[in-house]
Protein chains: 2
Amino acid sequence: MAKPRPLSIKHQHPCDQCPLKKHDILRDLSASETEFMTRFKTGEFQAQAGSTIIVEGTNSPHLYTVLSGWGFRYKTLPDGRRQILNFILPGDLVGLQGSLMKEMSHSVEALSDMMFCVFERESLTKLFKETPSLAYDVTWLAAREEQMLDEHLLSVGRRTAIERAAYLISFLSQRARRVGQLEDGQILVPFTQSHVADTLGLSLVHTNKTLKKLQARGLIKWSERSCIVKDEEKLQHVAGWDGLPDTPRPFI
Amino acid sequence: MAKPRPLSIKHQHPCDQCPLKKHDILRDLSASETEFMTRFKTGEFQAQAGSTIIVEGTNSPHLYTVLSGWGFRYKTLPDGRRQILNFILPGDLVGLQGSLMKEMSHSVEALSDMMFCVFERESLTKLFKETPSLAYDVTWLAAREEQMLDEHLLSVGRRTAIERAAYLISFLSQRARRVGQLEDGQILVPFTQSHVADTLGLSLVHTNKTLKKLQARGLIKWSERSCIVKDEEKLQHVAGWDGLPDTPRPFI
DNA sequence: CGCAGGATTGATATCAATCAATAACGGTGG
DNA sequence: CCACCGTTATTGATTGATATCAATCCTGCG
């Protein structure tokens with residue numbers, strides 16, 4: 001519950017040595033783009049596992065790119081029921097809504113310790129004026145988020161419990177792999193079955209029983225706050241899902 | 001199932017007389033923006049009620065803005081189960097994903113007869129280069145779609161059947177009102193309870209029973225392929241939903 | 001008149017939620 | 001070291017919500 005504050009560390013990672021560059025899935029920036037990003041970036045910011053980074057209804061003056069760590073976006077109903085909307089991984093943009101609209105309509109919490117690259121919301125206009133190619137990338141990222149939400153909605157609305165779980169785990173393992181967060185099939189993030197339940201729109205107990213079924217079928221193994229994927233192909237088949245594209249994607 | 005083709009009617013509505021201008025909720029375009037849109041626009045296109053405008057997995061060379069009529073975006077599972085993702089109303093942008101990515105990941109169908117303003121996907125890059133303010137608006141619209149999907153996901157994942165129905169109907173009535181599609185509380189669109197069911201993630205039968213409950217409580221009245229809102233405030237309260245913002249929004 | 005699509009209803013089946021325990025584990029204070 | 005927690009995972013029993021099945025009833029239309 002501790003409210004994280006930006007640390008005063010500035011440009012610990014210069015943009016031309018951005019730690020995200022090592023991921024093949026992320027497209028390279030041109031020299032002029034990197035130059036713009038260097039001006040755009042105002043600092044870095046660290047969040048502890050479990051801390052809340054963005055609170056629904058507030059208006060954050062910042063826009064972030066995740067440099068490392070895992071988090072998730074969620075919304076809650078007045079009585080506390082929670083729905084996890086999506087997970088946030090390295091290379092993802094966080095807080096765009098808040099920069100465009102009056103306020104954020106969802107909250108964000110860190111699953112692991114996280115490191116962010118910080119931008120001022122005001123300079124977003126400048127980005128659009130001065131560097132159209134990056135503006136295009138921002139829009140691309142927004143469209144990608146929409147695409148993921150579409151699939152989640154299909155999942156929660158029309159897939160059965162076991163199909164949903166199969167979809168979620170193969171979705172997460174594919175996203176994880178693309179940013180080096182999958183080792184021997186294990187998704188390198190500490191998340192609980194409560195998180196899974198609130199993503200799938202199921203109760204905790206039923207989520208547990210569903211994961212056990214997948215385990216009994218030999219498709220996964222749940223182990224200490226994480227999940228080991230045993231048979232990704234079968235998981236995808238159970239879910240009736242095509243998988244993520246393997247093409248490079250932008251980041252800012 | 002008939003595949004609609006663009007009609008050869010060009011600029012029936014010049015951009016400076018855009019029929020969308022009459023809606024207060026839509027922000028005015030500057031002279032230079034209107035000038036750009038005139039060049040950007042390549043024609044108009046009409047779709048019949050029930051026709052499929054975009055097919056999942058294909059790659060449409062066009063980007064559309066809805067001038068009139070209602071439609072919906074949806075995805076299906078291999079065995080045919082369908083999830084409606086969102087509804088499409090005048091002023092909405094359609095096909096952005098297809099312009100940015102390789103292919104569309106959802107389908108679009110017309111609920112009523114519809115009229116679209118047509119743009120070439122290639123000129124989107126030009127839009128970003130030449131008119132940053134419109135590029136910003138495109139991104140704004142993408143973020144707005146994301147916001148709606150977030151709320152739908154919360155609904156399908158965590159709201160009960162009656163809460164979901166209450167949310168959907170107040171959501172639709174508010175969107176309808178903003179573009180003159182609400183008359184005496186009636187949502188002016190021909191949709192069936194099957195559409196409602198596939199939006200809520202419920203079966204058709206249960207949807208019918210749920211709507212009947214709302215009707216018994218005096219909150220709505222279902223009547224010939226549409227819905228009359230009797231008490232919007234109570235609907236919103238049942239759903240635990242804040243409602244849509246009333247601020248002007250962009251369109252392109 | 002008969003037919004098709006949509007709406008409605010009752011009976012039954014199934015899935016998932018809830019309730020209630022227990023187990024396994026790490027951390028903490030004595 | 002051990003007793004005591006709190007968190008997470010697990011399991012069985014029961015309840016409740018929603019799906020499915022099967023009719024029937026409209027209403028517009030050829």
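Below, each value reflects all heavy atoms present in this structure, side chains not excepted, and no hydrogens, waters or symmetry copies. Every chain is numbered from 1, with letters handed out A, B, ... down the list of sequences.
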Test of understanding: with salt bridge (charged side-chain N to carboxylate O under 4.0 Å, His left out), list the residues that count as partners of B/Glu151, not counting sequence neighbours.
A/Lys75, B/Arg159
Residue pair B/Val118 / B/Thr65, side-chain heavy-atom distance below 4.5 Å:
no
Within the 3.5 Å criterion, strictly below it, is a donor on A/Trp222 or A/Gln215 matched to an acceptor on the partner's side chain?
no
Can you run down the side chain to side chain donor-acceptor pair (under 3.5 Å) pairs that involve residues 193-207 of chain A, sequence neighbours left out, and say none if there aren't any?
A/Arg82-A/Asp198, A/Thr192-A/His195, A/Gln193-A/Asn208, A/Asp198-B/Arg158
Can you confirm if the aromatic rings of A/His152 and A/Tyr167 lie within a centre distance of less than 6.0 Å?
yes
Using a strict 4.0 Å threshold on nitrogen-to-oxygen distance, state whether A/Glu145 and A/Arg73 make a salt bridge.
yes
Regarding A/Thr192, tell me which of base, sugar-phosphate or nothing describes its non-hydrogen contacts under 4.0 Å with the strands shown.
sugar-phosphate
Short side-chain to backbone donor-acceptor contact, A/Gln236 and A/Asp242, under 3.5 Å
yes
Rounded to whole Å, the CG-P distance (B/Asn208 to C/dA7) equals 8 Å
Under 4.0 Å from a heavy atom of chain B: give me the 5'-most and 3'-most nucleotides of DNA chain D that qualify.
D/dT18 to D/dC21
Base, sugar-phosphate, or nothing: which does B/Leu202 touch, judged by heavy atoms less than 4.0 Å apart?
sugar-phosphate
More than 12 heavy atoms of other residues, nucleotides or ligands under 6.0 Å from CG of B/Asp24: is that the case?
no
Test item: side-chain donor near acceptor, A/Thr58 and A/Glu103, under 3.5 Å
no
Counting only non-hydrogen atoms, which of residues 210-228 of chain A are less than 4.0 Å from DNA chain D?
A/Lys212, A/Trp222, A/Arg225
side-chain N/O B/Gln193 vs C/dT8 OP1/OP2, d < 4.0 Å:
yes
Who passes side-chain contact (heavy atoms from CB on, under 4.5 Å) against A/Asp231, sequence neighbours left out?
A/Leu219, A/Glu233, A/Lys234
Where do N or O atoms of nucleotides 19-22 of chain C meet protein N or O atoms at under 3.5 Å, pair by pair?
none

